[in-house]
Amino acid sequence: MRQNLVAGNWKMNLTYPEALALVEEIARLAGYGSVGANGLQVVVCPPFPLLHGVGQALPQGGNFHLGAQNCHQKESGAFTGEVSAKLLASVGCEYVILGHSERRQYFGETDELLSQKLKAALAAGLKPIFCVGESLDTREADETFDFIGKQLTDGLFHLSNEEFAQVTIAYEPIWAIGTGRTATSAQAQEVHAFIRERIARAYDAQAALDTTILYGGSANAQNARELFAQPDVDGGLIGGASLKAADFTAIIQSF
Ligand SMILES: O=C[C@H](O)COP(=O)(O)O
């Protein structure tokens, strides 16, 4: 179901004590009882070792949810150092980020592999947040739509209607991630509308309307309100600004 959603991707940051202090401060600043008043869902995605503890520390029974940043494609087995979707679900995760550009770039994750990870996540009852986004070279070559269309087709559109209904999409232009160079609200809206149109083609118009599509890439307390006001932008996948309670809370309160 389409919903307003802000997810914080902590990446490989914060120790356990720092994480607990951050969650406590976000809950205090956000006045979390009112966070759900406009239907906003908030997801925090810590590194693996912090998941269980952060999940316990999150405000319970409300609109705060726990997410992971990755999972393995197999359910269990001899895969030293890896973490399965089933394990994530067992410590309280509801969401998992898949296909982040850092995973694609530094860990060689392909659309083929991501297809398998999506299936594994869905089988474990997790809701995937599937990332797409172009490099600066691709944008400057005027190939953004072809590139993202291919990521959607190869990575995502193999899912059944029922499976796809569990997926949130995050548009993250690589040139905007961690660079301080945010996509303009018009650039974000243009790509989000394109993604929605491709969903309508692959599934149907209702599926396109029902899909939550987030923007990610140097979103912050200053630009979130304008980005989230775009008709096809349903929220954000926030990196750097999710590590500071005041900034993340201001982003949450931008709706
Ligand atoms: O997953 C989050 C994105 O990579 C955005 O990161 P950023 O907000 O630090 O640019």
Side-chain angles (χ1 to χ4, degrees), residues 4-14 18-19 22 26 41-48 50-51 54 65-71 88 93-109 114 117-118 121 126-136 138-139 144 147-148 151 155-156 167-185 187-189 191-192 195 212-228 230 233-255:
N4 293 333
L5 193 153
V6 172
N9 176 8
W10 294 359
K11 306 191 179 182
M12 197 171 70
N13 292 298
L14 302 181
E18 289 167 347
L22 176 62
I26 290 169
Q41 306 297 311
V42 179
V43 183
V44 295
C45 304
F48 289 140
L50 310 189
L51 280 167
V54 168
H65 308 274
L66 189 65
Q69 301 171 18
N70 178 34
C71 71
L88 295 175
C93 277
E94 294 175 65
Y95 289 83
V96 61
I97 299 170
L98 291 175
H100 192 284
S101 59
E102 289 151 15
R103 298 292 319 170
R104 294 176 188 262
Q105 184 179 349
Y106 303 134
F107 302 95
E109 296 199 355
L114 292 168
K117 290 192 175 203
L118 276 164
L126 298 179
K127 297 173 192 159
I129 300 174
F130 186 77
C131 303
V132 296
E134 81 287 1
S135 67
L136 190 57
T138 300
R139 177 159 282 268
T144 296
F147 184 81
I148 291 173
Q151 285 185 317
L156 196 55
V167 175
T168 293
I169 296 174
Y171 168 55
E172 298 210 315
I174 296 168
W175 47 271
I177 295 175
T179 59
R181 182 180 169 187
T182 320
T184 65
S185 53
Q187 284 173 322
Q189 168 56 26
V191 176
H192 283 226
I195 292 171
T212 302
I213 308 178
L214 311 178
Y215 168 79
S218 297
N220 58 40
Q222 285 71 46
N223 56 33
R225 191 175 296 276
E226 188 184 332
L227 286 161
F228 297 170
Q230 301 307 305
V233 178
D234 302 311
L237 180 54
I238 317 297
S242 72
L243 300 170
K244 297 180 196 122
D247 290 358
F248 191 59
T249 308
I251 292 170
I252 289 173
Q253 291 169 341
S254 296
F255 274 102

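First listed ligand is number 1; within each ligand, the first listed atom is number 1. Sequential numbering from 1 along the given sequence is applied to the chain's residues.
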N or O contact, [X] vs ligand 1, cut-off under 3.5 Å:
{"X": "Thr179", "result": "no"}
{"X": "Ser218", "result": "yes"}
{"X": "Gly217", "result": "no"}
{"X": "Ile177", "result": "no"}

Modelled atom types, side-chain donor and acceptor of His100 and Glu172, under 3.5 Å: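 Yes, side-chain donor-acceptor contact under 3.5 Å.
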Who's the nearest protein heavy-atom neighbour of atom 8 (O) of ligand 1, and how far?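 Going atom by atom, the protein heavy atom closest to atom 8 (O) of ligand 1 ends up being Gly239 N, 2.9 Å.
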Going by the atom numbers of ligand 1, which of them fall below 4.0 Å from some non-hydrogen atom of [X]?
{"X": "His100", "value": "1 (O), 2 (C), 3 (C), 4 (O)"}
{"X": "Asn9", "value": "1 (O), 2 (C)"}
{"X": "Gly240", "value": "7 (P), 8 (O), 9 (O)"}
{"X": "Glu172", "value": "1 (O), 2 (C), 3 (C), 4 (O), 5 (C)"}
{"X": "Gly178", "value": "7 (P), 9 (O), 10 (O)"}

Could you tell me whether Lys11 atom NZ has more than 12 heavy atoms of other residues or ligands within 6.0 Å of it?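 Above 12, so yes.
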Considering all heavy atoms, the nearest [X]-[Y] contact:
{"X": "Pro46", "Y": "Gln69", "value": "C-NE2, 3.3 Å"}
{"X": "Ala121", "Y": "Cys71", "value": "CB-SG, 4.4 Å"}
{"X": "Thr249", "Y": "Ala245", "value": "OG1-O, 2.6 Å"}
{"X": "Ala219", "Y": "Ile251", "value": "O-CD1, 4.2 Å"}

Which one holds for Ala176 and ligand 1: side chain close, backbone close, both close, or neither close, with close meaning a heavy atom under 4.0 Å?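 The answer is the backbone of Ala176.
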Would you kindly specify which portion of Leu237 sits under 4.0 Å from ligand 1, judged on non-hydrogen atoms: side chain, backbone, both or neither?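 The answer is both, backbone and side chain.
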Relative to the ring of Tyr215, is the ring of His192 parallel (under 30°), tilted (30 to 60°) or perpendicular (over 60°)?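 His192 and Tyr215: tilted rings.
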Measuring from Ile252:CD1 to Ile26:CD1, what's the distance to the nearest 0.5 Å?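 The distance works out to 6.0 Å.
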